[in-house]
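Here is the structure we will look at, set down as structure tokens.
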Number of protein chains: 2
Amino acid sequence: MDIETATRQLRAIGHDTRLQLYRLLVRAGPGGLPVGEVQARLGLPGSTLSHHLRRLVDTGLVRQDRHGTSLICTAVYPAMQGLVDYLAGECCADAPDAETATAPPERAG
Amino acid sequence: MDIETATRQLRAIGHDTRLQLYRLLVRAGPGGLPVGEVQARLGLPGSTLSHHLRRLVDTGLVRQDRHGTSLICTAVYPAMQGLVDYLAGECCADAPDAETATAPPERAG
DNA sequence: GCGCTATTTCCATGGATATCGAAACAGCTA
DNA sequence: TAGCTGTTTCGATATCCATGGAAATAGCGC
């Protein structure tokens, strides 16, 4: 997990509609949901939804698989897990001794 | 932690410069760093840095305290902890049974 | 191939963000 | 008060982002 990937994923879910969308897919479970179903539940125009979905897919947080004419959207759990792990490990250590314990030596300075 | 706060915080760190900035403050520990020191380390113009810092302070991820003429910036650990907790709990449960545990009845089917 | 449903791309528009120089402001010291 | 250092606000510009209607594409069944 590099910092660039992290920021892109963070920005992807840093939007009300997209976070709701992602939550919906997470709760739908491994079976996922077709785009049309998501559209019906969130009440969004197709083009807008497609735009947001693309963003999530693009950053690896969501996967899409064809199933007939429908496109099934599924939350990619490991991706979010990796992001949470990154935040907790790299950024969220609640003590400065993390520098000597888990954090790599400061490269920037 | 409501979804609106979550998205705002996510968007705040969903930016390369701001995530680097936040990491820097986390690694600096509870003692924090003055703005000038951060500016020197990241090599940013003061106005740009101030803009980003304001964003982080505004969302509660960073705190600022006067110390003479310097302004000490400190990472607010509980804020990030809350965000990580929210992501892990609300969004990152790898099973649909989260619906029966915490989810509202949006289970239209 | 034709028609049907599901989904995306195209295009335009309005709004938010990022950037940074210049000037203003805050607090200390003499 | 004058002057110094540290930090923010002002102002302007370029860029990215969000939104959604209309047209195009993808796959299925006949």
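Atom set for the values below is all heavy atoms of this structure, side chains included, hydrogens, waters and symmetry mates excluded. Below, chains carry the letters A, B, ... as their sequence lines are ordered, and counting in each starts from 1.
- With hydrogens and angles ignored, the 3.5 Å screen pairs no side-chain donor or acceptor of A/Q64 with any backbone N or O of A/L71.
- Checked for salt-bridge contact, B/R41 and B/E37 meet the test: a charged N lies under 4.0 Å from a carboxylate O.
- Within the nucleic acid shown, A/G46 comes within 4.0 Å of at least one base atom, counting heavy atoms only.
- Between the CG atom of A/D85 and the CE atom of A/M1 there is a distance of 8.5 Å, given to the nearest 0.5 Å.
- Contact footprint of chain B on DNA chain D: nucleotides with an atom under 4.0 Å from a non-hydrogen protein atom, first to last in 5' to 3' order, D/dG6 to D/dT9.
- Taking NE2 of B/H15 as the start and CD of B/Q20 as the end, the distance is 10.0 Å to the nearest 0.5 Å.
- A salt bridge does not link B/R18 to B/D16: none of the charged nitrogens lies less than 4.0 Å from a carboxylate oxygen.
- At a non-hydrogen distance threshold of 4.0 Å, B/Q64, B/T69, B/S70 from residues 58-70 of chain B come into contact with DNA chain D.
- Considering only heavy atoms from C-beta on, A/Y22 stays 4.5 Å or farther from A/T17 through its side chain.
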> What string of B, S and - do you get for nucleotides 15-23 of chain C, 5' to 3', if B is base contact, S is sugar-phosphate-only contact and - is no contact with any protein heavy atom under 4.0 Å?
Replying inline: --SSBBBB-
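- Annotation for B/L19 and A/A6: closest pair CD2-CB, 4.1 Å, computed over non-hydrogen atoms.
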>> Run the side-chain contact (heavy atoms from CB on, under 4.5 Å) test on A/I13 and A/T59 for me, step by step, so that the C-alpha distance in whole Å, both residues' side-chain angles and the decisive distance to 0.1 Å come before the verdict.
In response: CA-CA 10 Å; A/I13 56 173; A/T59 55; over 6 Å; no
> Where do A/L49 and A/V35 land on the side-chain contact (heavy atoms from CB on, under 4.5 Å) test, with the steps shown first?
Replying inline: CA-CA 8 Å; A/L49 175 60; A/V35 176; 3.8 Å; yes
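- A distance of 13.0 Å separates OG in A/S50 from CZ in A/R55, rounded to the nearest 0.5 Å.
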